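In what follows, a structure is listed as structure tokens, so that the remarks can point back to it.
What you see is a predicted model; the values in this text were computed from it and never measured. In each ligand, atom 1 is the first atom listed, and ligand 1 is the first ligand listed. Starting from 1, each residue takes its place in the sequence as its number.
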Amino acid sequence: MQYKHDPLFPARFMWGASSAAWQVEGAVNEDGRTTAIIDLNSKKKQPYTDNSIAADHYHHFKEDVALMAECGFTSYRFSLSWPRIFPDDSGVPNELGLKFYNDLIDELVKNGIEPIVTLYHYDMPVWIDEKFNGWYGRGIIAEFDRYVRTCFQEFGNRVKYWLSINEQNMQICYGDWLGVSKNKETWFEDKWKVNHILNLCNAKAVIACHELVENGKIGPVPGYVPIYPASANPEDQIAAMNAEELTEKVWNDFYAHRKYNGFIKSYWRENKIDPDIRPGDMELIRKAKIDFFGLNCYRSNVAMACKITDTEREQELNKSGVKGNFIYPKFPGLYQLTNNPFVETNDWDWEIDPVALRYMLRYVWDHYQLPMMITENGFGGHDSVSSDGKVHDPERIAFLRDQIYQVGLAIQDGCEVIAYNPWSFTDLLSTGNGMSKRYGLVYINTTDEALLDLKRIPKDSFYWYANLIQSNGQNWGRSL
Ligand code: BGP
């Protein structure tokens, strides 16, 4: 529907931004923290990404929260580092790790900012990986339960919004890239066993949150890439639905309905895959009723039919930041992805598609009728400080304005959306491009090549966003 007026945001809508511990904190060896698998994964990547300092939020958190308050934030989504809280297998939490998060949460609350806390954003302690074979073994489930219960008990008096696992679907779909897969050759089958263990951990977190946090709410965070059919050819529509199932819907159906859907059961049968579901697993899962969906959305995809006789092709992300290097995958008999001639792309070939957000919110609301919060969305660019000492990022302002407007339209369409938290507050490490792909509203003065003074410089987008927040989504800066 087209409206004759700008959309209205609800009175208590939460405006903020987002981050993840391993990408923002730094201080990887300080105050007892031990190594996370993602620290090692980021080191073996090309181009090289070292998270030992990142944005050094660990030492700048008060300054960072003061800037959030200046921007008018009413929420901040961040994650806890598991190896900061449980650095070893003693079963005893690290007091200094807990202190850091207690101080951060206190600082947020003092400034009227609602903490929205992710329990797992890729930083499994290496000791868990070594002792239990990471996500491949069942030993992790009890350790994860211990970890999340500690978090709920320690922070639950101030944190009411919890996020269980960040982008479980992406960890499975891109297991190699995100360091989850241990063997590329067998990942096709292994991934569903690993996924089932992640599902059990998700269930543990949901159950424990409801048990331990008074008025606590918890939801998962799928990484969402809306998929359009390439044409009105009915086969392309089915291909788009297949892509939707195998990248998103299998997970979202599972979280919402607490059982595996018919599509994935048929896929397993067809491919002779055993996800290793054991007695008692589904009983546990059935008790884990989520309260909302956190949604990460940056871009959209286009799918078309792919004949069963075609040759498989792996997706290749553009890692160089030079346009034209993204390779679209082919899955014979299911779907293939292709480019979208109707949208622009950024330097990493990510589609810039604001309507994707409205589509996603409409789709998730229609399917699950659960409240939704945007936990990630944002523009990665090559930012730099100009000669006037400021950071001018008109592309990010245009991106945020167009995307947030579509969130407003989805609300106008009847969707229940409670928060918008773009990626990211300060610049932080990109998953594969270190500091050279920047997302922040606040510039961090450092580069991958040289450690600089880490000065915080609010970008033009910071001031634009502050005005939008102050008007609760009415002051768009210029007519759209
Ligand atoms: C999401 C992750 C974030 C973040 C973001 C941007 O999938 O949850 O951790 O990194 O993507 O991606 P990138 O850093 O690859 O540009």
Side-chain angles (χ1 to χ4, degrees), residues 17-25 36-39 41-42 45-51 54-55 57 77-82 116-124 163-180 198 219-226 247-248 251 293-301 315-323 325-326 345-352 356-357 360 373-383 395-396 399-400 403 421-441 444 448:
S18 190
S19 74
W22 75 275
Q23 289 164 288
V24 74
E25 285 178 3
I37 52 164
I38 195 74
D39 303 351
N41 188 58
S42 65
K45 286 232 178 86
Q46 286 302 327
Y48 171 81
T49 300
D50 177 359
N51 71 331
H57 176 65
R77 182 259 182 160
F78 62 98
S79 78
L80 306 174
S81 162
W82 188 355
I116 300 173
V117 176
T118 319
L119 291 159
Y120 187 79
H121 200 128
Y122 310 161
D123 36 11
M124 178 198 295
L163 303 164
S164 50
I165 294 174
N166 186 69
E167 297 198 357
Q168 183 181 331
N169 58 328
M170 296 300 180
Q171 292 182 69
I172 299 302
C173 295
Y174 300 104
D176 192 45
W177 174 244
L178 293 171
V180 184
L198 277 153
V221 189
Y224 209 101
V225 185
T247 57
E248 279 135 8
W251 287 267
F293 269 102
L295 295 165
N296 295 351
C297 180
Y298 290 83
R299 42 178 290 260
S300 57
N301 263 330
Q315 172 160 303
E316 282 281 341
L317 295 171
N318 172 342
K319 295 166 195 159
S320 63
V322 178
K323 279 189 194 210
N325 283 305
F326 193 98
T345 54
N346 73 6
D347 290 345
W348 287 264
D349 297 318
W350 288 26
E351 296 78 1
I352 300 173
L357 269 190
M360 168 187 76
M373 60 167 79
I374 304 294
T375 37
E376 287 181 36
N377 167 245
F379 179 80
H382 291 108
D383 301 346
E395 285 175 305
R396 182 167 298 101
F399 180 98
L400 292 173
Q403 305 263 330
N421 294 280
W423 189 264
S424 50
F425 181 56
T426 61
D427 288 338
L428 39 67
L429 292 177
S430 141
T431 317
N433 290 91
M435 276 289 175
S436 65
K437 188 182 188 189
R438 294 174 184 264
Y439 283 92
L441 298 162
I444 300 288
D448 291 323

Open item on the list: Side chains of Y174 and Q315 only: does a donor on one sit below 3.5 Å from an acceptor on the other?
Closed with: yes

Task: Residues forming a side chain to side chain contact (heavy atoms under 4.5 Å, CB included) with S424, sequence neighbours excluded - done: L428, Y439

Ligand 1 polar-atom proximity to protein (N/O, under 3.5 Å):
{"unit_1": "ligand 1", "atom_1": "7 (O)", "unit_2": "E167", "atom_2": "OE1", "d": "2.7"}
{"unit_1": "ligand 1", "atom_1": "7 (O)", "unit_2": "E167", "atom_2": "OE2", "d": "2.9"}
{"unit_1": "ligand 1", "atom_1": "8 (O)", "unit_2": "H121", "atom_2": "NE2", "d": "3.3"}
{"unit_1": "ligand 1", "atom_1": "8 (O)", "unit_2": "N166", "atom_2": "ND2", "d": "2.9"}
{"unit_1": "ligand 1", "atom_1": "8 (O)", "unit_2": "E376", "atom_2": "OE1", "d": "3.2"}
{"unit_1": "ligand 1", "atom_1": "8 (O)", "unit_2": "E376", "atom_2": "OE2", "d": "2.9"}
{"unit_1": "ligand 1", "atom_1": "9 (O)", "unit_2": "Q23", "atom_2": "OE1", "d": "2.9"}
{"unit_1": "ligand 1", "atom_1": "9 (O)", "unit_2": "Q23", "atom_2": "NE2", "d": "3.3"}
{"unit_1": "ligand 1", "atom_1": "9 (O)", "unit_2": "H121", "atom_2": "NE2", "d": "2.9"}
{"unit_1": "ligand 1", "atom_1": "10 (O)", "unit_2": "Q23", "atom_2": "NE2", "d": "2.9"}
{"unit_1": "ligand 1", "atom_1": "10 (O)", "unit_2": "T431", "atom_2": "OG1", "d": "2.7"}
{"unit_1": "ligand 1", "atom_1": "14 (O)", "unit_2": "S430", "atom_2": "OG", "d": "3.1"}
{"unit_1": "ligand 1", "atom_1": "14 (O)", "unit_2": "T431", "atom_2": "N", "d": "2.6"}
{"unit_1": "ligand 1", "atom_1": "14 (O)", "unit_2": "T431", "atom_2": "OG1", "d": "3.0"}
{"unit_1": "ligand 1", "atom_1": "15 (O)", "unit_2": "T431", "atom_2": "OG1", "d": "3.1"}
{"unit_1": "ligand 1", "atom_1": "16 (O)", "unit_2": "K437", "atom_2": "NZ", "d": "2.7"}
{"unit_1": "ligand 1", "atom_1": "16 (O)", "unit_2": "Y439", "atom_2": "OH", "d": "2.5"}

Open item on the list: If I compare all heavy atoms of L429 with all of W22, which pair ends up nearest, and what's the gap?
Closed with: CD1-O, 4.4 Å

Task: Partners passing side chain to side chain contact (heavy atoms under 4.5 Å, CB included) against S430 (at least two apart in sequence or in another chain) - done: N433, K437

Open item on the list: Could you work out, with side-chain hydrogen bond (donor to acceptor under 3.5 Å, both in side chains) as the rule, every residue matching N166, not counting sequence neighbours?
Closed with: R77, H121, Y122, N296

TODO: Kindly give the heavy-atom pair with the smallest separation between P422 and L400, and that separation in Å.
DONE: CB-CD2, 4.1 Å

